[in-house]
Protein chains: 2
Amino acid sequence: MAKAPVERKTRIQTENKARILDAALEVFSRHGYRGATIDQIADGAGMSKPNLLYYFRRKQDIYQTLIDRLLDTWLKPLIELDQEGDPLPELRGYIRRKLEMARDYPRESRLFANEMLQGAPRIHKVLETRLRDLVDEKAEVISDWMAAGRLNRADPRHLIFAIWSTTQHYADFDVQVRAVLGPKRGGEGRFDDAARFLETLFLDGLKPRDPQGVAPQPKIRVLGDE
Amino acid sequence: MAKAPVERKTRIQTENKARILDAALEVFSRHGYRGATIDQIADGAGMSKPNLLYYFRRKQDIYQTLIDRLLDTWLKPLIELDQEGDPLPELRGYIRRKLEMARDYPRESRLFANEMLQGAPRIHKVLETRLRDLVDEKAEVISDWMAAGRLNRADPRHLIFAIWSTTQHYADFDVQVRAVLGPKRGGEGRFDDAARFLETLFLDGLKPRDPQGVAPQPKIRVLGDE
DNA sequence: ATAGAGTTTGATCAAACAGTCAAGTTTTTC
DNA sequence: GAAAAACTTGACTGTTTGATCAAACTCTAT
């Protein structure tokens, strides 16, 4: 009788679960939860649908497994931001780690983005607890650096958003990036170009350090209501 | 006999098509093309499925209509970047227009993001022609500003990516933004905070203008291969 | 080598899905 | 106000999808 595998992990179980999760990551990251089908995943994993369902009894179980694993990986680069280090190198390191993740794990990035676009129905609670606590903690660190004059003043939480968005962009919008850059600029070197650019952006900004004919800066306005 | 509506647009046709597209935008922007169902859209538009299919014969037609309309709206803010204007106010204006779009048209932003995550199967050609040409043109403008010393030097195309990603983040990852900011900071004012922050980021960068104890800057490295 | 646990699959099911159709109802046109 | 055009819908079709199951097959430990 077909029974769900229990506690003991056999060799075949380990292998097949890995193959399924790999194929599922591919499909879910492209089409989102609802748009993905078990048939596609089974096909990608090179096994029959009932066989796949022997390892994961429901579609949801596969997705949940992927999401659970993802969160740890996703938070790690921020966790490594070190209060004791020097502000600029620390931020540079953080940006680099995030960009490397976008380069090396684009499917994970897209899976995460898909979950967000859907309104994060499955990880909403985690966002409001674990993620918020972590960001609060690191925002405090950044805030202290700014108060000590070691960083230019700016909203630390929005700074973290900016690092997230700019780096993940190279995974989530990869098609657009490559289409816009063209064959010349859009090759493998695009991540190095991105790293160089982001360093300039975050550390130096666009205003020239040695102004030569810069227009006077208009006073700050926030968003109008059109 | 039920025949598809032809050239002439009646009042009812205009109204119903608008209602359908509005409901479809809601559904497609959350679940992507494959994850959306005609039943959901018909339900959201408050009409029966056959009635909906009287106005749009296939699911694809609805999606394509949305995508086609989107592109013009999406490109407009960049088109308005004026070569004759002053660099910093021009960029500030562009950032503001994009952020206003994220605030006022989050569903359109998510629809676009969803299409990108899927690999842009339906607009790939447009990206490589119209979008690339436009970006090439504006990158040239920015490049000229930099060459004239009116802007700090940085890769203009990656600069455009950064503006896209940071602003669209507030629409596409809205759940995460609000979860992280919490009830206090995550209210309506979050877009004003974002506007202020992005202005600081893009114009000033994080390096303090008046260093007081800033660590020496390590030499630039690009991405390692870990 | 053999018993039993672990694995695989063809056949199948009910629900969800995109799309059709003929017959009705409402609106517009003259 | 009657005819025509436009609109609406219940019933339906064929297909896809998530999930089940019993029977067959393979592997592993003794």
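Residue numbers begin at 1 in each chain, while the letters A, B, ... track the order of the sequences.
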If each end axis of the helix from C:dA1-D:dT30 to C:dC30-D:dG1 is fitted on five C1' pair positions, the angle between them, to 10 degrees, is 20°
Side chain to side chain contact (heavy atoms under 4.5 Å, CB included) assessment of B:H158 paired with A:L198
CA-CA 8 Å; B:H158 288 272; A:L198 290 177; over 6 Å; no
Is there a side chain to side chain contact (heavy atoms under 4.5 Å, CB included) between B:R97 and B:M101? Walk through the geometry before answering.
CA-CA 6 Å; B:R97 288 193 295 276; B:M101 286 196 53; 5.8 Å; no
So which heavy atom on A:I20 is nearest to which on A:A45, and how close?
CA-CB, 4.1 Å
Sorted by chain and residue number, the side-chain hydrogen bond (donor to acceptor under 3.5 Å, both in side chains) partners of B:S109 (sequence neighbours excluded) come out as B:D172
Take the protein atom NZ of A:K17 and the nucleotide atom P of C:dG6, then report the distance between them rounded to whole Å.
13 Å
Collect all protein-nucleotide pairs involving nucleotides 10-17 of chain C in which both atoms are nitrogen or oxygen and the distance is under 3.5 Å.
residue	atom	partner	partner atom	Å
C:dC17	OP1	A:R34	NH2	2.9

Are any of B:Y54's side-chain N or O atoms less than 4.0 Å away from OP1 or OP2 of D:dC7?
yes
Pairwise 5' ranking along DNA chain C for B:R11 and B:R58, keeping only the more 5' one:
B:R58
Would you mind reading off the distance between B:L52 atom CG and D:dT8 atom P, rounded to a whole angstrom?
11 Å
Residue-phosphate contact under 4.0 Å: A:T10 side-chain N/O, D:dT28 OP1/OP2:
no
Quickly work out the B:L53 CG to D:dT9 P distance and round it to whole Å.
13 Å
Expressed in angstrom and rounded to an integer, what is the separation of A:E15 atom CD from D:dT28 atom C1'?
15 Å
Please check if the side chain of A:E90 supplies one atom and the backbone of A:L81 the other of a donor-acceptor pair under 3.5 Å.
no
Check step by step if salt bridge (charged side-chain N to carboxylate O under 4.0 Å, His left out) holds for B:D174 and B:R110.
CA-CA 10 Å; B:D174 183 54; B:R110 288 198 308 266; over 6 Å; no
Looking at B:N16, I'd like to know whether one of its side-chain N or O atoms comes within less than 4.0 Å of OP1 or OP2 on D:dT8.
yes
Between CZ of A:F56 and P of C:dT7 the distance, given in whole Å, is 13 Å
Can you find a side chain N or O atom of B:N51 that sits less than 4.0 Å from OP1 or OP2 on D:dG10?
no
Taking atom types as modelled, find out whether B:E115 and B:Y63 have a side-chain donor-acceptor pair closer than 3.5 angstrom.
yes
Measure the distance from CD1 on B:I12 to P on C:dT29 and round it to the nearest whole Å.
11 Å
When the ring planes of A:H169 and B:F161 are compared, do they come out parallel, tilted or perpendicular, using 30° and 60° as the limits?
tilted
Rounded to the nearest angstrom, tell me the gap between atom CD in A:Q13 and atom P in D:dT26.
19 Å
Could you give the OH-to-C1' distance, from B:Y33 to D:dT16, as a whole number of Å?
14 Å
For B:K138 and B:I160, indicate whether the former's side chain and the latter's backbone hold a donor-acceptor pair under 3.5 Å.
no
